[in-house]
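One structure is given here, and the rest of the page talks about it.
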Amino acid sequence: MKEQMVKVFLVEDEIVIRDGIKNSIKWEKEGYEFVGEAGDGELAYPMILKKRPDILITDIKMPFMDGLELSRLVKQELPDIKILILSGYDEFGYAREAIRIGVAEYLLKPVSSTKLLEVLHGFTSAIVQERKEKELLRKYEADMLENREYQKDEFLNRILTQSLSVTEILAQAKALSMDLSAQLYNTILLEVAGISAVEGSKGGNMLTAIEAAVEDQDGLYSFRRSMESWMILCLAEDSEQMEQKIQSVEECIKSVLDSCPVQTEYFGAAGRPVSRIRELKESVAGAESVFSCRYLKEWNQIVRSEEMPDNDSENSELNVGSLEVGKLDRKILEGFLKTGLRGQASSFTDEYFVSLGEKNIQSLLFRQYVTMDAYLTAVSVLESIGYDSDEFVARCGDFKDMESVFQTVEHTKKYLTHLIETTIDFREAVSKGTYSTLLKAARSYIEQNFDNEEISLNTVASTVNLSPNYFSTVFSQEMGMTFIEYLTRVRMEKAKELLRSSSMKTSEIAFAVGYKDSHYFSYLFKKTQHCTPREFKSQI
């Protein structure tokens with residue numbers, strides 16, 4: 001790629017001197033682009049902001065706006081610009097003020113074209129180096145973009161599980177470009193069902209679109225919990241604004257799902273607002289309680305925790321005679337067993353019993369029926385994913401030997417909670433086994449192709465037939481690091497092997513481990529290994 005020319009702008013009120021400087025140098029031949037000129041700072045300032053030169057040459061004494069004032073204003077908008085002040089005044093005060101502003105050079109008139117070029121070439125070397133460093137940083141940040149989502153999820157986990165001070169929370173949030181200052185905080189647990197049925201990468205793109213739509217709103221941050229579920233952090237200044245935030249989340253989801261080619265549903269559970277960020281776990285607990293009951297509720301809505309009825313709900317007025325046992329909806333339990341979380345099992349069981357009616361649950365016969373139905377549903381779910389139910393029977397017992405389970409309502413609840421947790425454990429084991437096979441294939445592909453500069457999250461995801469977003473989430477959750485972190489680690493380990501055992505140059509090693517740009521390789525090496533390739537080799 002052709003190197004970008006260095007742009008120069010000239011400000012001088014004496015037209016003879018200005019023309020002399022402009023015409024005495026063959027700018028393009030010397031590697032410069034002369035982008036403009038002006039007779040005073042007031043005229044020059046808007047032109048400079050538009051042209052954005054790399055170097056500003058300006059006289060110090062001019063009408064309307066002098067060179068020092070112009071330099072001060074320009075530096076505020078273009079902090080990297082190199083400024084050369086030309087002055088007919090050999091006064092220390094001018095030079096001192098120029099240094100304070102950040103002027104790079106201060107020369108007394110008259111200045112020969114030779115001297116001027118000497119200074120400009122010195123500027124150019126610094127500009128080229130700064131450009132290279134900015135490009136390396138830009139490339140590094142682009143490569144590490146995937147890491148930000150992983151770090152963000154880890155940050156939320158730390159807030160909820162560790163006793164972080166407000167100072168620690170705000171500092172870590174700032175590092176992730178998150179502003180968490182607010183009067184009220186709340187959380188929404190969200191699940192979208194059906195997107196996994198979308199063919200190809202469209203499903204993953206829709207999940208990304210949901211996250212983008214949510215985070216495009218001020219005061220909303222999304223954190224991935226699983227492939228199709230999130231926790232959304234809502235920040236507001238008062239209760240009315242908090243309700244608007246929750247409604248905004250709902251509108252974002254609907255707008256994305258309206259374009260989905262297959263039938264999809266969503267369910268959201270909002271906790272209770274809290275006034276301190278360290279109290280977020282209380283908000284999450286409320287949201288979790290609602291979320292665990294999602295298969296007992298209508299979908300395509302966000303349910304607020306304060307809307308949840310007490311246990312003496314209207315269903316408690318039912319009796320065995322009024323309940324059509326033959327129509328008991330097995331899909332409620334089946335849905336939870338397929339997608340629920342282990343930590344929600346107890347809450348789900350409580351709400352499941354409430355939905356069946358307190359008076360009905362007092363019936364021994366009814367409890368036997370419900371437990372048998374749950375047992376058979378669990379076996380069916382496990383067999384549908386290829387799990388041998390023998391181990392399930394060993395852990396949950398044979399149904400005909402469960403007389404003690406039905407002695408009291410609490411005994412039955414405790415058993416059903418155990419049954420649900422066991423089923424989820426086995427389901428997760430199957431998933432991990434599936435993921436293990438996929439990750440083994442992905443790691444094998446990386447080991448064989450790490451030296452190909454074109455290897456990427458997309459190419460590796462396609463080899464295991466997953467969408468990039470889905471693969472990225474699975475990889476980071478199962479490996480404890482992002483794809484790019486893993487690829488970089490593999491490449492750096494291979495580079496260290498070559499540094500130890502070969503006489504190859506740094507540029508050759510860079511190419512051998514997948515980096516065409518040796519400067520970027522050296523930058524990454526120092527970033528990850530805390531020393532340069534040369535320093536590493538000298539330690540051997």
Side-chain angles (χ1 to χ4, degrees), residues 153 156-157 160 187-197 207 223-232 253 264-271 281 283-303 305 308 328-356 370-387 389 391-392 395-396 412-435 470 473-474 477-478:
D153 294 344
L156 178 65
N157 184 58
L160 299 178
T187 52
I188 300 172
L189 301 182
L190 173 68
E191 180 173 319
V192 177
I195 287 185
S196 58
L207 295 175
F223 304 85
R224 186 73 70 93
R225 279 163 47 105
S226 66
M227 304 313 147
E228 296 182 343
S229 68
W230 299 264
M231 179 182 291
I232 298 170
I253 299 162
T264 55
E265 291 183 305
Y266 73 89
F267 184 87
K281 56 187 71 175
S283 174
V284 174
E288 287 280 13
S289 179
V290 179
F291 196 64
S292 66
C293 311
R294 60 194 180 281
Y295 296 105
L296 305 170
K297 303 265 178 207
E298 290 287 331
W299 278 52
N300 295 324
Q301 64 170 328
I302 295 178
V303 179
S305 59
M308 290 293 286
L328 190 65
D329 191 357
R330 178 179 286 189
K331 289 182 180 178
I332 292 173
L333 178 60
E334 187 177 284
F336 188 79
L337 291 175
K338 286 182 176 179
T339 63
L341 302 177
R342 194 181 198 280
Q344 299 169 349
S346 180
S347 297
F348 173 83
T349 302
D350 287 342
E351 294 297 330
Y352 189 51
F353 270 42
V354 169
S355 74
L356 297 174
V370 171
T371 307
M372 180 178 68
D373 184 69
Y375 190 95
L376 294 176
T377 301
V379 170
S380 174
V381 167
L382 291 175
E383 288 181 345
S384 72
I385 59 176
Y387 200 94
S389 59
E391 191 173 347
F392 173 80
R395 281 182 58 174
C396 293
T412 308
K413 278 187 178 181
K414 185 176 180 180
Y415 175 76
L416 282 182
T417 300
H418 170 65
L419 181 146
I420 292 169
E421 289 175 342
T422 301
T423 306
I424 292 173
D425 286 344
F426 290 155
R427 184 198 75 199
E428 292 298 306
V430 172
S431 295
K432 286 184 181 295
T434 303
Y435 293 154
Y470 193 179
T473 302
V474 170
Q477 287 182 348
E478 299 300 314

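Just so we're clear, the structure is a prediction, and the values are computed from it rather than from any experiment.
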Legend entry - Gap between atom CD of Glu421 and atom CD of Gln344 - 0.5 Å precision: 11.5 Å
Inset, instruction - Using a 4.5 Å cut-off on heavy atoms from C-beta on, say whether the side chain of Ile332 contacts that of Phe348. - result: yes
Inset, instruction - Compare all side-chain heavy atoms of Ile188 with those of Trp230 and state whether any distance is below 4.5 angstrom. - result: no
Inset, instruction - Kindly assign one of parallel, tilted or perpendicular to the pair Phe267 and Phe291, based on the angle between their ring planes and the thresholds 30° and 60°. - result: tilted
Inset, instruction - Taking all non-hydrogen atoms of both residues into account, name the closest pair between Ala374 and Leu419 and its distance. - result: O-CD2, 3.8 Å
Legend entry - Side chains of Thr417 and Ser346, donor plus acceptor under 3.5 Å: no
Inset, instruction - Answer with yes or no whether the side chains of Thr187 and Ser283 bring together a donor and an acceptor at under 3.5 Å. - result: yes
Inset, instruction - Please round to the nearest 0.5 Å and tell me the distance separating atom CG of Leu376 and atom CD of Glu334. - result: 12.0 Å
Inset, instruction - Work out which heavy atom in Thr377 is nearest to a heavy atom in Asp373; give both atom names and the distance. - result: OG1-O, 2.7 Å
Legend entry - Exercise: identify the closest heavy-atom pair between Val290 and Ser305: CG2-CA, 3.5 Å
Inset, instruction - Output the distance between atom CZ (Arg225) and atom CD1 (Ile232), rounded to the nearest 0.5 Å. - result: 11.0 Å
Inset, instruction - Can you measure from CG (Asn157) to CZ (Phe223) and round to the nearest 0.5 angstrom? - result: 11.0 Å
Legend entry - Ile420 side, atom CD1; Tyr352 side, atom OH - distance, nearest 0.5 Å: 8.5 Å
Inset, instruction - Examine distances only and state if a side-chain atom of Asn300 and a backbone atom of Tyr266 form a donor-acceptor pair shorter than 3.5 Å. - result: yes
Legend entry - Polar side-chain atom of Arg427 near backbone of Leu382 as donor-acceptor pair, under 3.5 Å: no
Inset, instruction - Please assess Glu351 against Lys413 for the test salt bridge (charged side-chain N to carboxylate O under 4.0 Å, His left out), listing each intermediate value before the final yes or no. - result: CA-CA 11 Å; Glu351 294 297 330; Lys413 278 187 178 181; over 6 Å; no
Legend entry - NZ on Lys338 to OG1 on Thr423, rounded to 0.5 Å: 12.5 Å
Inset, instruction - Answer whether the closest heavy-atom distance between the side chains of Ile424 and Phe336 falls below 4.5 Å. - result: yes
Legend entry - For Ser347 against Ser292, the heavy-atom pair lying closest together: CB-OG, 3.1 Å
Inset, instruction - Mark yes or no for whether Tyr415, through its side chain, and Cys396, through its backbone, hold a donor-acceptor pair below 3.5 Å. - result: yes
Inset, instruction - Locate the shortest heavy-atom distance separating Ala378 from Leu337; write the atom from each residue and the value. - result: CA-CD1, 3.8 Å
Inset, instruction - Answer yes or no: is there a donor N or O on one side and an acceptor on the other, between the side chain of Arg294 and the main chain of Gly268, under 3.5 Å? - result: no
Legend entry - Heavy-atom side-chain contact between Val192 and Glu265 under 4.5 Å: no
Legend entry - N/O donor-acceptor pair under 3.5 Å between Thr339 side chain and Gly335 backbone: yes
Legend entry - Sidechain-backbone polar pair: Ser289 side chain, Gly286 backbone, donor-acceptor under 3.5 Å: no
Legend entry - Side-chain ion pair, Arg224 and Glu191, N-O less than 4.0 Å: no
